[in-house]
Amino acid sequence: MDTTYEATHQDAYTDGYYAHGTPAERWERAGLFFDARDYTAAARVLAGLVEEVPEQTGPRLLLARAYYHSAQLRRAEKELRRIVERDPVEGYARLMLVRTLERQGRHDEAAPHLRIASALAGEFPEI
């Protein structure tokens, strides 16, 4: 059998599987994958969902977490920056951005976000 056909057929099956169902069904499926620590599969489901509902923070945040846990740090950073740009007081996304930057060794870039995340959590330095 032609390997090009096999690859195309496999992609169609895989893409169809991850994209199958209503947004609510895909959200649930992504959560199941995430809970099972299959972060790559969760990300595949969530990527399509985020394209469909880009204004919703929940799917984008879970996508960022899935990318983070599957060591796709640049992708996680991209999603987290989108959340923080749209909602600067989203403290969890801001803290995840800090951890993502630190994991990449970019501590200087992470520092201002850490200060903001701490302030959002009500943690202020002693004066």
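Index from 1, following the sequence. The analysis underlying the following values was restricted to heavy atoms, covering all of them including side chains, and did not include hydrogens, waters or symmetry mates.
Of all the heavy atoms in Arg60 and Pro54, the pair that sits closest is NH2-O, 3.2 Å. When all heavy atoms of Ala30 and Ala42 are compared, the pair lying nearest together is O-CB, 3.7 Å. Nearest heavy-atom pair across Ala117 and Arg94 is CB-CG, 3.8 Å. A pairwise comparison of heavy atoms in Glu79 and Ala64 identifies CB-CB, 3.9 Å as the closest pair.
Between the Arg26 side chain and the Val45 main chain, no donor and acceptor come within less than 3.5 Å of each other. Under the 3.5 Å distance criterion, the side-chain polar atoms of Gln104 are matched with a main-chain donor or acceptor of Thr100. When atom types are taken as modelled, the side chain of Arg29 and the backbone of His20 share a donor-acceptor pair closer than 3.5 angstrom.
Counting non-hydrogen atoms of other residues, nucleotides and ligands closer than 6.0 Å to CD of Glu51 gives a total of 12 or fewer. More than 12 heavy atoms of other residues, nucleotides or ligands sit less than 6.0 Å from atom CD of Glu109.
The cluster map of Ile, Leu, Val, Met, Phe, Trp and Tyr, joined by side-chain heavy atoms under 4.5 Å apart, puts Leu62 and Leu80 in different clusters. Clustering ILVMFWY residues whenever any of their side-chain heavy atoms sit less than 4.5 angstrom apart, transitively, puts Leu46 in a cluster other than the one holding Leu32.
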- Give the intermediate values and the outcome of side chain to side chain contact (heavy atoms under 4.5 Å, CB included) for residues Phe34 and His69. CA-CA 9 Å; Phe34 191 90; His69 288 298; 3.7 Å; yes
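At a threshold of 4.5 Å between non-hydrogen side-chain atoms, the residues Pro59 and Leu63 do not count as touching.
The residues Arg81 and Glu77 are annotated as salt-bridged, a charged nitrogen and a carboxylate oxygen being separated by less than 4.0 angstrom. By the 4.0 Å N-to-carboxylate-O rule, Glu85 lies too far from Arg82 to be salt-bridged with it.
In this structure, NE2 on His113 lies 12.0 Å from CG on Leu95, to the nearest 0.5 angstrom.
Taking the ring axis of Tyr68 as reference, the NZ or CZ atom of Arg99 does not stay both within 45° of it and closer than 6.0 Å to the ring centre.
Test Leu97, Ile83, Val84 against Glu90 for side-chain contact (heavy atoms from CB on, under 4.5 Å) and you get one pass: Ile83.
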